[in-house]
Each structure stands twice: as C-alpha cells, then as structure tokens.
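Below is one structure, written out as structure tokens; the observations come after it.
In what follows, every chain begins at residue 1, and chains take the letters A, B, ... in the order their sequences are listed.
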Protein chains: 2
Amino acid sequence: MEEIPARLSAKPTWLITQLSVHAHRLATEAFAEAGAHGYHYRILTALDEFGVASQADLGRRCNMDRSDVVAAINEMAAQGYVERTPDPADRRRNLVSLTETGQQQQQRLEQSLQRAQDELLAPLTAAERKTLTHLLHEVLTHQRSQR
Amino acid sequence: MEEIPARLSAKPTWLITQLSVHAHRLATEAFAEAGAHGYHYRILTALDEFGVASQADLGRRCNMDRSDVVAAINEMAAQGYVERTPDPADRRRNLVSLTETGQQQQQRLEQSLQRAQDELLAPLTAAERKTLTHLLHEVLTHQRSQR
DNA sequence: CCTATTCGTTGGTTCGGCCAACGATATACC
DNA sequence: GGTATATCGTTGGCCGAACCAACGAATAGG
C-alpha cells in the first residue's frame with residue numbers, strides 16, 4: 001500500500017528525524033495534558049535538579065536560546081510555577097527559583113513524560129532500551145563536543 | 001560550567017529530539033549545497049525507487065502532508081527535476097515523474113547525505129551503527145503500526 | 001442515482017530553534 | 001581610573017518541518 005523507500009528507511013538520519021516526530025508528538029501530548037510545553041519541562045527540571053539559576057544558565061543547561069528562556073519564564077511565572085528576582089550580587093542577572101507548585105508541576109510532567117516514553121519504546125526490552133540510550137548518548141555527546 | 005540535567009540526558013525522548021536537531025542540521029546543510037531541501041530528497045528518492053506516482057502516493061510514501069508535496073513538486077518542477085502530467089485514467093490525479101536531471105540531482109543528494117551521515121555517526125563502530133539502526137527501525141515501525 | 005471518498009490546492013497554525021540588536025551592567029586591560 | 005570587551009535580559013523578528021481545515025473536481029460504492 002504505502003511502502004517507504006528502502007533508501008530512506010535504512011538511513012539513521014531518516015530514522016532519527018522520523019522517530020523524533022513521534023517522540024515529539026508523544027511528549028507534546030503528554031505535556032499538553034498538564035498545560036505545559038517542552039520548554040517548560042526542561043526549565044522546571046533544571047531548576048529542580050540544580051536549584052536557583054540565572055536565565056542565561058538555564059539557557060545553557062537546557063540548550064535553549066536566551067530569548068526563548070524569557071518567554072518560558074514569563075509564562076511559568078504567570079502560572080506561579082517560578083519566581084524571578086534580581087540578583088543582588090550581579091544586577092544584570094535574574095535569579096529564577098522554583099515554587100512549591102512549580103515542583104509539583106515538574107513531578108506531574110515527569111510522570112506524563114514517563115508514560116510517553118514507555119509508549120515510544122514499547123517494542124524494546126529493557127536491555128535494548130539501555131543499549132539504545134547508550135548509543136544515542138554517545139553520538140550526542142560527540143556531536144556536542146564538535147561545536 | 002554548563003551541565004545538563006541528568007533527568008533530561010537520561011531520557012530517550014530527550015536524546016532523540018536533541019540528536020534529531022543535529023541530524024537535521026547536518027542533513028539540511030548537505031542538501032543546501034545542492035540547493036535542495038529535505039522534502040525534495042524524499043520525493044526524488046521515492047520517485048527513483050518506485051517510478052511514476054501520484055502526489056498522494058508520494059505523500060504516503062514519504063510521510064508528508066499532501067499540501068507539502070504540492071509545494072515541493074512546484075519547486076522541483078520549476079527546477080526541471082520533476083514533471084507533472086494529469087493521469088488520463090483518473091483525472092483527479094497528477095502523475096509525477098523523474099527527469100534525467102532529476103535523477104542526477106537525486107544522486108548528488110544521496111552522496112551529500114552519506115557524508116552528513118558519516119559525520120553524525122563518527123563516534124560509532126560499524127557494528128554499533130548497525131545496532132543503532134536496527135533498534136531505531138524497530139521502534140519506528142512499531143510506532144507507525146500504532147496509527 | 002446519490003452518497004462517500006479521494007485528489008490537488010490554498011491558506012493557515014504551531015512549535016522548536018535561531019539571529020540581531022538594544023540598554024544596562026560587569027569584567028579585563030592598560 | 002578609564003576604556004574596551006563581554007555578559008545578561010529583553011524585544012522582535014525569521015525559518016523549516018509538521019500539520020489541519022476547507023474547497024472544487026473527480027471517482028467509487030451502495
């Protein structure tokens with residue numbers, strides 16, 4: 001019926017980009033249930049893991065552009081998940097901190113994402129998931145080091 | 001300096017989406033050298049592999065929306081890589097065919113992509129690449145069967 | 001015959017990822 | 001100390017890939 005060209009389906013770049021579409025769709029749907037976006041999850045998780053940070057730090061940790069951090073923080077501050085206070089030690093900076101409800105939101109998103117994750121990797125055994133994760137990690141860190 | 005939250009970098013969805021950014025960038029740069037886009041490569045390859053097809057067929061094979069097929073065909077028809085003729089047997093359809101120069105373009109893109117591919121997977125051995133490809137393929141086909 | 005379905009096309013939205021520029025501030029160098 | 005350089009937050013924009021809704025024309029199925 002709708003066969004895929006072999007030259008496409010044999011290429012890792014094709015597989016990765018196609019799979020990222022599915023992964024992205026699953027993650028987006030999961031986040032949408034909690035009224036959040038991908039950027040929001042990244043920032044909440046970074047704050048939960050490393051504590052208070054400047055917006056620039058968050059951008060670097062979450063691999064986001066500074067301007068996108070601004071927008072995400074605006075939205076989450078309006079929702080009460082995050083607080084923005086000027087850094088007394090460096091008045092260029094804003095210190096972003098996680099609120100109580102922000103932490104709860106992080107946990108909600110964490111669980112939603114976990115479910116999406118399981119759905120995505122359903123056909124793989126635990127060992128295969130580990131192998132896949134390891135290989136992807138390998139390639140990604142190499143790619144990151146290249147620039 | 002700019003550490004990445006462990007909860008992110010351990011998640012296949014994160015790894016896949018982040019890696020797809022790199023894969024996509026490498027592929028896009030490779031295609032840009034030949035003045036093409038990712039959608040163009042997909043269609044050219046599908047035509048090369050399966051021969052003449054309707055736009056709707058191309059969309060299904062390349063996993064593209066019909067409307068995006070229209071735009072890509074427009075561009076490639078203007079470049080002379082592809083020809084659009086009405087199907088006499090079904091006047092709703094257009095039959096899209098590959099021209100001589102279109103076939104050459106497909107080969108150019110094929111080679112460019114191969115180079116991007118090698119760059120992306122540089123840190124992996126041949127065996128690891130095979131494993132990765134296999135696992136990705138597994139997950140993707142399962143995902144495709146889900147809808 | 002008439003209802004669904006398919007096809008190509010137009011026009012629009014969304015989301016993630018970017019870039020350029022700005023004023024304010026901080027750091028480094030001379 | 002003063003001056004260049006860099007960083008930070010912010011605004012406002014761009015792009016590409018994916019997708020959706022709706023339309024007229026044409027076909028297929030009952």
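No engagement by B:V69 is indicated, since no non-hydrogen atom pair under 4.0 Å with the nucleic acid exists. A:T28 comes within 4.0 angstrom of no nucleic acid atom, judged by non-hydrogen atoms across all strands. Within 4.0 Å (heavy atoms only), B:D65 reaches at least one base atom of the nucleic acid. When heavy atoms are screened at a 4.0 angstrom cut-off, A:N63 is found touching no nucleic acid atom at all. Residue contacts shown for B:T17 are absent, as no nucleic acid heavy atom lies under 4.0 Å away.
With DNA chain D read from its 5' end, the first of the two nearest nucleotides for B:P88 and B:H37 is the one closest to B:H37. When the nearest nucleotides of DNA chain D are assigned to A:Q18 and A:N94 by heavy-atom distance, the more 5′-ward of the two goes with A:N94.
Side chains of A:T99 and A:E83: a donor-acceptor N/O pair is absent below 3.5 angstrom, by distance only. Of the N and O atoms on the side chains of A:R144 and B:Q18, not one donor lies less than 3.5 Å from an acceptor on the other residue.
Side chain of A:R84, nearest nucleotide from D:dA18, C:dC7, D:dT10: D:dT10. Listed candidates were D:dA25, C:dC18, C:dA24. Nearest to the side chain of A:R92 is C:dA24. Side-chain proximity of B:D68 to the nucleotides C:dA26, C:dG8, D:dC19 is greatest for D:dC19. Considering only side-chain atoms of A:A56, the nucleotide from C:dT10, D:dA18, D:dC8 that sits closest is D:dC8. Distance from the side chain of B:D90 is smallest to D:dA26 among C:dG11, D:dT11, D:dA26.
A close approach under 4.0 Å does not occur between any side-chain nitrogen or oxygen of A:R66 and OP1 or OP2 of D:dC8. A:R60 has a side-chain polar atom (N or O) that falls below the 4.0 Å cut-off from OP1 or OP2 of D:dC8.
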Please determine whether ring pair (Phe, Tyr, Trp, His ring centres under 6.0 Å) holds for the pair B:H134 and B:H137, giving the CA-CA distance in whole Å, both sets of side-chain angles, and the decisive distance to 0.1 Å.
CA-CA 5 Å; B:H134 172 255; B:H137 192 265; 7.8 Å; no
